[in-house]
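One structure is given here, and the rest of the page talks about it.
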Amino acid sequence: MDARCTVFTSDSCPFCAIVAGDAPARIIAETATSVSFLPDVPAVLGHVLVVPRSHVSDLWDLDEEQARALGADVLATARVVRSALQPDGLNLIQSNGTAAGQSVFHLHVHVVPR
């Protein structure tokens with residue numbers, strides 16, 4: 001698994017641009033496999049996006065190794081959000097395809113405290 005988006009350029013994918021350091025972002029965590037950052041328009045205080053470093057369009061494009069790594073990174077982010085904000089609950093939101101509301105076609109998981 002490559003550490004950077006190599007299929008798409010920073011010009012063609014806004015999340016690849018963030019991963020490459022070519023676009024500004026409020027990054028809160030980085031691992032070898034993902035970058036977690038605050039979205040420009042958060043749903044609530046503490047809303048975080050977790051994206052794989054390599055360009056993966058949607059859930060169906062993940063291989064098993066990528067899925068395990070992303071799952072671990074999402075869990076770590078959820079734990080940080082819980083520790084920092086002590087929310088009553090938490091939503092994990094991940095949409096695939098236009099019909100599901102996906103607007104950026106680089107896989108991303110929303111971690112949304114409630």
Side-chain angles (χ1 to χ4, degrees):
M1 177 172 23
D2 53 356
R4 291 191 165 239
C5 292
T6 56
V7 175
F8 288 76
T9 66
S10 296
D11 293 333
S12 64
C13 175
F15 291 168
C16 287
I18 289 170
V19 168
D22 294 337
R26 296 168 292 169
I27 295 173
I28 62 159
E30 295 185 72
T31 70
T33 56
S34 74
V35 177
S36 299
F37 57 93
L38 302 175
D40 289 338
V41 182
V44 296
L45 178 69
H47 179 181
V48 178
L49 295 177
V50 182
V51 304
R53 286 187 176 275
S54 55
H55 187 88
V56 179
S57 295
D58 56 36
L59 186 68
W60 296 294
D61 283 345
L62 279 178
D63 64 31
E64 295 299 319
E65 181 181 342
Q66 290 171 314
R68 278 190 293 279
L70 183 62
D73 294 342
V74 168
L75 177 58
T77 300
R79 288 180 172 153
V80 168
V81 168
R82 184 180 195 190
S83 176
L85 300 175
Q86 300 176 348
D88 292 330
L90 182 89
N91 289 114
L92 297 178
I93 304 165
Q94 198 283 307
S95 302
N96 297 280
T98 304
Q102 185 178 9
S103 60
V104 177
F105 291 89
H106 182 126
L107 177 69
H108 54 288
V109 178
H110 296 261
V111 177
V112 185
R114 300 296 186 178

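The figures here come from the full heavy-atom set of this structure, side chains too, leaving out hydrogens, waters and symmetry mates.
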### Message
Determine whether a donor-acceptor pair (N or O, by modelled atom type, separation under 3.5 Å) exists between the side chain of Asp63 and the backbone of Glu65.
### Response
yes
### Co-membership, hydrophobic cluster, residues Val81 and Ile93, 4.5 Å side-chain
no
### Joint cluster assignment, Leu59 & Leu92, ILVMFWY side-chain distance < 4.5 Å
yes
### Task
Answer yes or no: are there more than 12 heavy-atom neighbours, outside Leu85 itself, under 6.0 Å from its atom CG?
yes
### Summary
Output for pair (Thr33 OG1, Arg68 CZ), nearest 0.5 Å, gives 11.5 Å
### Query
So does Arg26 have more than 12 non-hydrogen atoms from other groups sitting under 6.0 Å from CZ?
yes
### Query
Donor-acceptor pair, Thr77 side chain versus Asp73 backbone, under 3.5 Å?
yes
## Note on the structure
Smallest heavy-atom separation, His106 atom then Cys16 atom, equals ND1-SG, 3.6 Å
### Over all atoms of both residues, closest heavy-atom pair of Val112 and His47
CG2-CD2, 3.8 Å
#### Entry: Exercise: identify the closest heavy-atom pair between Val51 and Val19
CG2-CG2, 4.1 Å
### Message
Could you check whether any side-chain N or O of Arg53 sits under 3.5 Å from a backbone N or O of Thr31, counting only pairs where one atom can act as donor and the other as acceptor?
### Response
yes
### Query
Looking only at heavy atoms, what is the nearest atom pair of Ser36 and Val50, with distance?
OG-CG2, 3.5 Å
### Path from Leu75 to Val80 over hydrophobic side-chain contacts below 4.5 Å
no
### Query
Can you name the closest pair of heavy atoms from Pro113 and Val111 and give their distance?
CD-O, 3.7 Å
### Message
Can you confirm whether Val109 sits close enough to Leu49 that some side-chain heavy atom of one is under 4.5 Å from a side-chain heavy atom of the other?
### Response
no
### Query
Shortest non-hydrogen contact from Ser95 to Gly101?
CB-C, 4.3 Å
### Query
Please walk me through it: do His108 and His110 pass ring-ring contact (aromatic ring centres under 6.0 Å, His included)?
CA-CA 7 Å; His108 54 288; His110 296 261; 5.1 Å; yes
### Query
In Å and rounded to the nearest 0.5 Å, what is the CG to OG distance from Leu107 to Ser54?
9.5 Å
### Student check: side-chain heavy atoms of Leu90 and Arg82 closer than 4.5 Å
no
